[in-house]
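Sequence lines set the chain letters: A, B, ... in the order given, protein chains first and strands last, and positions in each chain run from 1. Keep in mind that this is a model prediction, so the values were computed, not measured.
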Amino acid sequence: MATAVTPSVTRGDGQWLPSTCGMCLHGCGIQVYVEDGVALKIEGDPTNPDNLGKLCPKGNAGLSRLYDPARVLKPLKRTNPVKRAGVDPGWVEIEWDEAMDIVARELGKIRKDDPRKLLVAIGDFQRILFWGWPAVFGSPNFFTSLGNYCGGSYHPVNGSVDGSFAAINDYERCNYWIQIGSGDGFSSHLHVSGSSKRMADARMRGMKLVVLDPRLSTAAAKADEWIPIVPGTDRAFVLGMAHVLVHELDRYDREFLRQRTNAPYLVGEDGFFVRDEKGRVLVWNERENHSGAWDEVPADCVALLGSFEINGKKVRTGFQVWKDILATHTPEAMSQVCTVPAEAIRRIAREFVDAARIGSTIELEGKTYPFRPAALNYYRGSQSHSNGLFDNMTYKLFNMLVGNIDVPGGHLGVPLDTRGFFVSPGESGQLKPEPHQLHPAPPFKYPPDSTHLMEWFPIGFDAGQLNTETILSPERFGLKYQPEAMMLYHSNPIWNMPETDKVEEIMRRMKFVVAIDIHLTESTQWADIFLPDRTYLESTLLNCLEPPVVTGHSVRQPVVEPLGDTRDAYEILTDLAQRMGFLDNWNDLLNIVCGFAFNTRYLLEPSKRYSVEEIYDRFAHSIYGDDKGLEWFKKQGHTYRPRTAKEAFEPYGNLRIPFYFEFIKQTGAELEKQLKAHGVNDWPLENYLPLPFWKPSQVIEDGKKGYDLYAITFKDVIHTFGDTVVMTWLTEVSEKDPIHQGILINSKTAKKLGVETGEKIRLVSPGGRIEGRAQVVEGIHPQVVGISNSITREYVTNDKVNYKGSHFNRLLTGSLRYTDGATGGLESTARVRLEKVSY
Amino acid sequence: MPEIDLTALGEARKMVGFSQKKIELSGHTVAELLRAIGTLDGENLYEKLVCQGKLRGDYAVLVNGLSVKPDQLDMEVKQGDQVVTMAILRHLHGG
Ligand code: SF4
């Protein structure tokens, strides 16, 4: 389905041009009104199925990024050799040729010596096709300074369950929505501008919304019920609900668990599946009372629960194993952990299972599907913790109890692909787990190649925060080299990563730093060369429209002539590849990631340099055929088709999804052998377990050492990753909202500590300390202090933006102790004590 | 004799010295195709990409977009099939 853009308003003699918002990664459809070469207004494209004509505040404010007087419009060279936080680099403007010569020369030296010595911090999620540049340079050392915060454990578990990257409840059909630590439908995550309408529509038709959050977030404020909870204990709440379903109410979707998951597979006392001589996993035939291969026992005879004996050895079904674990997770016990009253845990569990309508079906496109209109949705706040793997597993298993995974009304996978790369048969009738979706899983290696130890995270997701620990203590990890150069590609690790002082120390050690960005930031201040990229209103790409609702692409096109002397990031990276002699490898990489290798008519020649327009023209043609190239997209904006029911629901056919995550245990056992063979005996392997349970984290332990409060950060729809805090159009708004004014503290706690709004306070954590002004509010858990990501930035080139202190990340610790050992997910909560600052 | 469209990328391209070529194949399997493609140093792709009868883990072969598993070298290739061979970038991780 292709639709021409119909502008909602026409003004003057200008022109409305279709494009895609680039203020966050989600790529909402926009139309930009341009008159005399000047962009005057951005509106949402009502024909775009992702954002439905809506824009969030950031999207509306895009012009202030384009025309920001503080933007860098010409390459810069540092003249001050002294590199320290707060030291003026002494920037001077230079020509592109000189800048590129310097960068190619310095990085070229590194490449010749040992390409691993280049460390690349990467952002710019919409241009993910270019993330492979460091790999063709030859370095394994690239990481997002942001991603490990949000999805470190989330993405591997989604990929392992159903081959998806993310997940979201079915807005159209869900009737009972539990939301834990997420802004979906209100303030963040998947296409917030469109999803807020979807959420509003769902609530108008009567959907009940229950929100768990330590803070009265936008979602909590709009919900039918807000349940304040201690950070990092959401899993305890959900385990308590699972106990209620399995042990007290005895209500769960037996058919789903038995036929669509591996819950009935038999598990030995060693925790591994029991297999026959052909390697097939066994199940128990409860009619004939013996075991048999999973594909030989008739479906209606397979036992879901039970303990049995095979050759004198005790075995249990995977479901029985979790049931046994849940026995101790009573609402009373879990209430002690999360502070939510046991009766509330019981009540929500009961309401949820009632609303799930286990056993009901729905007819869609001529096929009958299970219908489960109740689902638990979650994201960052609920699982970005040092036991994040167990958090994610718990939420998925709770959804599985009512059989709602990938069925109408339920919890739907959001895949990265439409071509089935991540859906394929695994062992014994199971779906193959795909924990890695952005790159192939790196094989184990000792000594490791990468500074963030990816070779030791076989199911993990790029724990960028570990760079501080490994680079500053390389001998502990067997690292045989030290990074000497750094590339900052739309990335601000000093602001976005924990342990700011250590990140600065790493940057101080670099012999050469190059930054590709739009603005100067806390991190670019350490650069030797700054290369100015173009904004999304001056550059080109094709953006993927987001599943699960549709499949398609929208265009990003220059709506005005680029300002100043800037270059598109693709042209910068390609020029560098050419100057350093690896253009052929770069083109081959693009052949693979753009899919040209599979449609060789569009294959790039190894030694030819292509423009960004040529790349995306080929990309468009390779997917949509001869008649839809870049020019077509520039006129039409986008093309899409709704996903069919068959694509959206149970896209893996009869393959079983994991209830019992045996492959995680297997992976851990294999890793342990490899590490031990190299004398590494202190690697954290304890989270490689097949089922989740409650286990306190380091954060809970820190509470025993006098850090009595929990500190959290939170985001609002108005800002992205702190990056947009430099935009005055946005800060003028956020500065009027008290929640972005200071450190939020509950009124009762404030009274107890004698703290008042506006008073200067200090938060001290085991990892660092920050100062700021107290903001006394009702809407936060009494044990919690909250700090907005929109509050401030330390280095701002726009003098209209005020500095307000309270850089949350300084409170965090990025070390292994605060990292999930299996996924690399980072602990995003800190324990703190509050001190009054006296003068 | 089936004619196969062969594409070689990355290290595999450097070994054979071309990106794309039509190969007239006297056999009918992936293994026979790899044996039929000479490398610049006088060997053939089978010798380079296959170890103990299995496709090496750091190389990929795709037939019409579908990946050939390490032990599927006897997979049939037919007239007009598009075969891509490439090195898997060891460092294509991070993020
Ligand atoms: S959610 Fe907001 S910032 Fe993100 S793409 Fe949409 S309009 Fe732009």
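No side-chain N or O of N587(A) forms a donor-acceptor pair with one of Y610(A) less than 3.5 Å apart. Looking only at atom types and distance, the side chain of N64(B) has no donor-acceptor partner in the side chain of K78(B) under 3.5 Å away.
Both the backbone and the side chain of L9(B) come within contact range of chain A, with heavy atoms under 4.5 Å apart.
Contact annotation: the side chain of S139(A) never approaches that of V120(A) to less than 4.5 Å [non-hydrogen atoms, C-beta and beyond]. L129(A) is listed as a side-chain neighbour of C594(A), based on a closest heavy-atom distance under 4.5 Å. Between P448(A) and L479(A), some side-chain heavy-atom pair lies under the 4.5 Å cut-off.
Contact residues of residues 16-49 of chain B toward chain A are S19(B), Q20(B) (heavy-atom distance under 4.5 Å).
Side-chain atoms of D462(A) never come within 3.5 Å of backbone atoms of F143(A) as a donor-acceptor pair (strictly under, hydrogens ignored).
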